Structures are given as structure tokens and as C-alpha cells.
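Please read the structure below before turning to the comments.
Keep in mind that what you see is a predicted model, and the values were worked out from it rather than measured. Atoms within each ligand, like the ligands themselves, are counted from 1 in listed order.
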Amino acid sequence: MRILILGTGGMANQHAANFSMIEGVSLVGGVDVVPERLAAFCSEHGIARQFSSFEDALKWGEFDAVANVTPDSIHHPTTMQAIAAGKHVFCEKPLATDATLAMEMTDAIEKSGKVGMVNFTYRNSPALQKGRAMVLAGEIGSVRHVEASHLQSWLVSTAWGDWKSESKWLWRLSTKHGSNGALGDIGIHIVDFASYGSGLDVAHVFARLKTFDKAPGNVIGDYVLDANDSFTMNVDYSNGAVGTIQASRTAAGQFDQLRLRVYGDLGSIEVIYDTGKSTLRACVGSDVNQATWREIACDLVETNFQRFAAAVKAGETQEPSFRRAANIQKILDGAVVSDREHKDVPTA
Ligand SMILES: NC(=O)c1ccc[n+]([C@@H]2O[C@H](COP(=O)([O-])OP(=O)(O)OC[C@H]3O[C@@H](n4cnc5c(N)ncnc54)[C@H](O)[C@@H]3O)[C@@H](O)[C@H]2O)c1
């Protein structure tokens with residue numbers, strides 16, 4: 001598979017590093033609207049062809065798939081162009097900025113017969129995959145209650161860089177720049193994590209979104225800082241279970257932590273992903289009577305990059321698919337309506 005990297009910013013490095021390790025995959029081109037960034041990226045990853053626009057890359061056309069690593073609002077127009085040109089697409093999350101656009105992309109890729117997958121990174125966590133397998137095998141019985149959180153601290157820490165001056169953080173704070181805040185950025189991950197790990201769909205959402213004051217007038221240069229920084233959701237799942245899902249960019253002390261606890265009528269699991277490392281604990285069987293938790297060993301799992309390469313080779317989309325991402329997007333859209341109108345919103 002010959003792959004073109006579209007958008008050569010921070011996350012594109014992970015795409016290049018992961019795809020270049022897969023046998024049969026070659027990085028043949030890069031595209032970015034910032035020439036110096038593009039040149040440095042292509043030089044670092046040994047990419048021969050550079051394009052200042054996706055249109056120019058499409059005219060050249062000598063690639064099979066696009067890794068779309070542009071900012072969120074650029075995913076929809078460029079992915080639609082890629083699909084029209086007959087390319088497979090591995091798109092960054094969120095697939096689009098709302099469910100209508102995400103569903104349009106889903107319908108288009110399915111109609112084209114090409115592979116369309118989305119990088120829900122935390123699916124690469126062995127603990128999540130093993131935890132889900134335990135839930136689906138009935139080891140914790142019927143799920144009754146689910147707690148999920150995704151916590152980051154880049155708004156209150158310098159460890160990730162300076163959000164007040166770097167464009168890669170500033171666009172994430174501005175709806176005009178296509179960001180749906182913490183909800184669109186990490187909410188999409190934790191809603192997928194909670195739903196995938198519990199094996200359940202979210203049926204209703206009641207949400208509260210919060211945007212904190214961060215600068216004089218909440219404006220820095222061209223960026224109006226109006227996108228949400230934290231959210232909480234109360235959700236009902238398809239089987240009648242209830243739960244909470246929350247996320248924040250202001251959680252001092254957490255670089256990138258996802259936590260999922262799934263409680264059933266026969267036992268419970270806890271999945272923790274913390275800045276690259278994941279662990280699974282379970283309290284099942286007679287351990288429930290002493291509330292004893294044991295760590296569960298987990299085998300390594302394939303990455304989304306490997307799954308995408310295998311899917312293109314086989315000519316069949318694997319999960320996480322565009323359709324899955326569009327369905328998760330419906331829950332985020334439901335959360336926005338819920339917050340605005342202070343009401344419970346059906347999302348199934
Ligand atoms: N899966 C994950 O865990 C994860 C982690 C980080 C970022 N992301 C996603 O990856 C995407 C990129 O994020 P990032 O952190 O790399 O942002 P970034 O701002 O560092 O990089 C985006 C790049 O796209 C370029 N770009 C903008 N418009 C373009 C266009 N029309 N054509 C070509 N290039 C264009 C920018 O110049 C920039 O270099 C976002 O959608 C983000 O949500 C996902």
C-alpha cells in the first residue's frame with residue numbers, strides 16, 4: 001500500500017512512524033499548507049514527494065490510501081475528495097465536526113467500496129480489548145453501571161508545550177477553527193472507550209459542557225477561546241445500565257489518563273490507560289464477597305495502523321470504521337443539544 005500523509009503536524013509523526021514499520025506499506029508523499037513543516041516532516045521520515053495542496057497530490061495520484069491528519073474541520077472536505085478519487089482513507093478522530101457530515105463520509109466510503117477507518121487510538125490498549133472480551137464472555141454478568149473519564153492537563157501545565165502561543169493547541173480552543181473543544185477532541189475517545197469496553201451503546205445523554213475564562217476577553221490573536229474545556233455526561237446504555245462519562249483538559253496531575261470501570265451483577269472490571277501504559281483489574285467470582293481485585297495479564301493487540309493496512313490488503317474495512325465514528329459523533333451532538341436545552345437527548 002502506497003500511503004500519502006495529509007497534514008504533517010504533531011500527530012502525523014505517529015502515523016509515519018507506525019505505517020513505516022508495517023511490511024508492504026510505503027510512505028510516498030506528504031501534504032501541508034505550511035511549507036517548512038512539510039519539508040522538515042518529509043526529510044525526517046524519508047518521504048520523497050511534497051505537495052502544498054491536496055489537489056496537487058490528487059493530480060499526481062500515485063498513492064492508494066490517505067492518512068488524514070489535518071485539523072478536525074478539514075477532515076470532511078478532504079476525505080470526500082479522497083473518496084471521489086478512489087482512495088482508501090485512514091482518518092483522524094473526530095471523523096467530522098458533526099454527525100451529519102460524518103454520516104455523509106460514511107455513506108460515501110461504503111458506496112465506493114474502499115476502506116474507511118478512524119484512529120480511535122485507545123483501541124490499541126491491550127487492557128481495553130481484554131476487558132471487553134471478559135464483559136462479552138459474561139464474566140461480570142449483566143452490566144448495571146459504567147464510570148468513564150478521560151483526563152488531560154495541557155491547559156494547566158507546560159509539559160505539552162505552551163497552549164497560549166502554539167497553533168496546534170490554539171485551534172483546539174476555538175469553534176471558529178473547527179474545534180468542538182474537549183468534547184470533540186477527547187470526548188470522542190472516551191465515549192468510544194466506554195461504549196466499546198462495556199459492549200453497550202449509549203441510548204440517552206444528559207450533558208454539561210464548561211468553557212473557562214483563559215485570557216483577557218478570551219481572545220488570543222485570531223483565536224476566540226470559546227470551545228469547551230471540560231464536560232460531564234450522565235448516560236443510559238442500551239441494556240438499561242446507567243453511567244457517567246467525563247473529560248477535562250484542566251486535570252492537573254494527569255497527562256493522558258483514561259479510566260473505565262464496568263460493574264455487572266456478577267463482578268466488575270477496571271481498565272486504566274495512563275500515558276501509554278494500560279492495566280486491567282477485575283473483581284469476579286467469589287472475590288466479589290471480599291471486594292478483592294486482581295490484575296489480569298493482557299496480550300499485545302494490533303494497532304489501528306496495522307488493522308488499516310490489513311484491511312486494505314484484504315479489501316474489507318475493519319473496526320474502528322467510519323460508521324462507528326459517525327455513531328459516536330451522534331452522542332457528542334446529543335451532548336451539545338442536552339447542554340444547550342438542559343434536557344435528556346436520545347442518541348441510539
Ligand atoms: N488519535 C489521537 O489520539 C490523536 C492525537 C492527537 C491528534 N489527533 C487528531 O489528529 C489531527 C491533527 O492533529 P495534530 O495534533 O497533528 O494537529 P497539528 O495542528 O499539529 O497538525 C495539523 C497539520 O495539518 C495542516 N493542515 C491544515 N490544513 C490543511 C490542509 N487543508 N491540507 C493539508 N494540511 C493542512 C497544518 O498546517 C498542520 O501541520 C486532528 O484531527 C486531531 O484531533 C488525534
Side-chain angles (χ1 to χ4, degrees), residues 4-19 29-42 44-45 47 49-58 66-82 89-97 101-102 105 117-125 128 150 152 154 160-163 165-174 177-193 222-223 227 247 249 255-258 273 275-276 278 303-305 307-308 320 324-325 328-329 332:
L4 178 91
I5 309 277
L6 175 62
T8 59
M11 189 59 190
N13 289 295
Q14 280 203 34
H15 285 243
N18 278 278
F19 278 125
V31 186
D32 207 291
V33 291
V34 179
E36 319 78 67
R37 201 176 288 157
L38 172 67
F41 178 86
C42 290
E44 184 175 343
H45 296 286
I47 296 173
R49 303 295 302 250
Q50 299 179 24
F51 303 92
S52 58
S53 76
F54 190 35
E55 287 74 16
D56 286 349
L58 285 170
V66 177
N68 194 338
V69 208
T70 57
D72 304 356
S73 62
I74 314 289
H75 295 173
H76 173 267
T78 50
T79 294
M80 294 302 280
Q81 284 176 286
V89 184
F90 183 66
C91 190
E92 263 308 336
K93 49 49 62 174
L95 182 56
T97 48
L101 295 177
M105 294 156 80
M117 292 173 58
V118 177
N119 192 22
F120 284 149
T121 300
Y122 304 96
R123 294 279 189 108
N124 303 344
S125 148
L128 177 69
H150 191 162
Q152 296 186 337
W154 56 267
W160 298 47
D162 178 17
W163 66 265
S165 61
E166 295 173 17
S167 67
K168 66 179 177 182
W169 302 117
L170 285 164
W171 71 254
R172 288 173 158 82
L173 301 171
S174 163
H177 288 80
S179 175
N180 195 5
L183 187 68
D185 191 16
I186 52 177
I188 191 111
H189 280 308
I190 193 61
V191 171
D192 180 66
F193 204 80
D222 192 29
Y223 299 89
R249 297 163 159 176
F255 283 141
D256 188 31
Q257 192 209 61
L258 291 84
Y273 172 97
T275 322
S278 73
T303 64
N304 293 331
F305 304 100
R307 285 188 209 116
F308 179 71
R324 168 71 181 180
I328 297 293
Q329 190 78 47
L332 305 192

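- Taking the side chain as every heavy atom from C-beta outward, N180 and T97 never approach each other to under 4.5 Å.
- Taking CG from D192 and CG from L128, the interatomic distance works out to 8.0 Å, rounded to the nearest 0.5 Å.
- In this structure, E166 contributes its side chain and D162 its backbone to a donor-acceptor pair below 3.5 Å.
- Here the protein heavy atom with the shortest distance to atom 12 (C) of ligand 1 is V69 O, 3.2 Å.
- Distance from atom 3 (O) of ligand 1 to its nearest protein heavy atom, with residue and atom name: T121 OG1, 2.8 Å.
- Nearest protein heavy-atom neighbour of atom 27 (C) of ligand 1: P71 CD, 3.4 Å.
- Side chain of W163 to main chain of L173: no donor-acceptor pair is present (N/O by atom type, distance under 3.5 Å, no hydrogens or angles).
- No N or O atom of T78 sits closer than 3.5 Å to an N or O atom of ligand 1.
- Here H75 has side-chain heavy atoms under 4.0 Å from ligand 1, and that is the only part of it that gets that close.
- At the top of the distance list for atom 10 (O) of ligand 1, counting protein heavy atoms only, stands E92 CG, 3.1 Å.
- The pair D185-K93 meets the salt-bridge criterion, with a side-chain N (NZ, NE, NH1 or NH2) lying under 4.0 Å from an Asp/Glu carboxylate O.
- The backbone and the side chain of D72 each have at least one atom closer than 4.0 Å to an atom of ligand 1 (non-hydrogen atoms only).
- Within the 4.0 Å heavy-atom criterion, both parts of M11, backbone and side chain, lie near ligand 1.
- If you look at R172 next to ligand 1, the close heavy atoms, those under 4.0 Å, all belong to the side chain.
- For the side-chain contact (heavy atoms from CB on, under 4.5 Å) test, residues two or more places apart in sequence or in another chain that qualify with D32 are T8, V34, R37, L38.
- Distances below 4.0 Å separate heavy atoms of K168 from the following atoms of ligand 1: 19 (O), 20 (O).
- Here I74 pairs with T70, P71, T78 under the side-chain contact (heavy atoms from CB on, under 4.5 Å) rule; sequence neighbours left out.
- Ranking protein heavy atoms by distance to atom 21 (O) of ligand 1, first place goes to G9 CA, 3.3 Å.
- Put simply, the side chain of N304 gets close to the backbone of F120: a donor and an acceptor are under 3.5 Å apart.
- Counting only heavy atoms of the protein, atom 31 (N) of ligand 1 lies nearest to I74 CG2, 3.6 Å.
- Between D32, I5, L6, N13, it is D32 that holds the heavy atom closest to atom 37 (O) of ligand 1.
- The aromatic rings of F305 and H15 sit perpendicular, their planes meeting at an angle over 60°, well past the 30° parallel limit.
- Closest protein heavy atom to atom 19 (O) of ligand 1: W171 NE1, 2.9 Å.
- Considering both main-chain and side-chain atoms, Y122 never comes within under 3.5 Å of ligand 1 through any nitrogen or oxygen pair.
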